[in-house]
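What follows is a single structure, and I will ask about it in a moment.
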Amino acid sequence: MTPAGPANGRQARLLPARRGPSRVAGWLRGAALGLAVLLAAPAPAGAADAAADGDATADARIVFPTSVQQGAMVLGKVPPGSVVAYAGRTLRTTGYGTVVFGVGRDATGPLVVTVDPPAGRREVVRIAVTARDWPVQRVDGVPPRTVDPPPAIAERIRREQARVAEARLRDDPRTDFAQRFVVPVEGRISGRFGRARVYNGKPGSPHSGMDIAAPSGTPVKAPAAGIVTFADPDLYLTGGTLVIDHGHGISSNFLHLSRIDVRVGDRVEQGQVVAAVGSTGRSTGPHLHWGMNWFDVRIDPQLVLEERGAP
Ligand SMILES: [Zn+2]
């Protein structure tokens, strides 16, 4: 079935008021492909209480996009209290009923989401996946030791990547992922997500994020609020490496940094300077590599940015 949602526009909605600073206002709006998704942003102080009462008969609709692209971050809305499963995982739901998940580069549809509302029957939502083109990108001139590392180095790389992977497994209740993401650095996009990569003539993994060319030392801003879950100035492949968790399994990683200004456990706000552009690790020149994940699934930051909709 295809759950119906509002065709367009924004609908002001508020999460039930909660203790602490994590009150979040949400709104439904049209997204690319004319699909309804749910986003949230910080509520102005005082507004939440009043509106939350009006929303007590929380929205019983189930809203997901009918089709998504490979690499997308998918936001959905379910009746609060629902149990939602996707890809073998039970999704964390906000008090308002927002859920999020990521679609891998090679995913094929239909994606199947099951929703067990607190009242009523199970709904099965099927979402089509639009396949994308993944052109090959040749990257020449990277240090040979990063392409064909000796066994001892390969072991170091494995250990380091495992530490980064672990940081991405956090399932935090914060809802920073629902902010409208902003670019961490202004600049030319020099590498796109998903492209098959050939390093110095040797096939490597697909590109896991987007590259933005910028001079070394350019400040890197947090694209959305979050918590720093990994920070290391010197990983073999990725150089200065930083991971910011945005909640519900969504995280950003920044690679090749020349400087890191935050520490693990720090809370950062959207737009806060967290690091500086560099060319450390397997890199051919100063740029920011910005990757995003839903747990271990890599998603495309460019698509997340495009979710911003009208300013
Ligand atoms: Zn990159």
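First listed ligand is number 1; within each ligand, the first listed atom is number 1. Heavy atoms only: backbone and side chains are in, while hydrogens, waters and symmetry mates are out.
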Quiz item: With a cut-off of 6.0 Å (strictly less than), are more than 12 heavy atoms of other residues, nucleotides or ligands near CD of Glu155?
Solution: yes
Exercise. For the Zn ion (ligand 1), find the closest N/O/S atom belonging to Asp211 and write down its atom name.
Key: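 Nearest N/O/S atom: OD1.
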Exercise. Would you mind telling me which of Ile62, Val84, Val99 makes a side-chain contact (heavy atoms from CB on, under 4.5 Å) with Val113?
Key: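 Exactly one candidate clears the test, Val84.
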Quiz item: Would Met210 and Val183 show up in the same hydrophobic cluster when neighbours are defined by side-chain heavy atoms closer than 4.5 Å?
Solution: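 As far as the 4.5 Å side-chain criterion goes, Val183 and Met210 are connected within one cluster.
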Practice problem: Have a look at His289 and say which of its N, O or S atoms is nearest the Zn ion (ligand 1). | Solution: ND1
Self-check item: Stepwise side-chain hydrogen bond (donor to acceptor under 3.5 Å, both in side chains) check, Gln137 with Arg197
Solution: CA-CA 5 Å; Gln137 183 179 19; Arg197 279 212 157 163; 2.9 Å; yes
Quiz prompt | N/O/S from His287 sitting under 2.8 Å away from the Zn ion (ligand 1) | solution = no
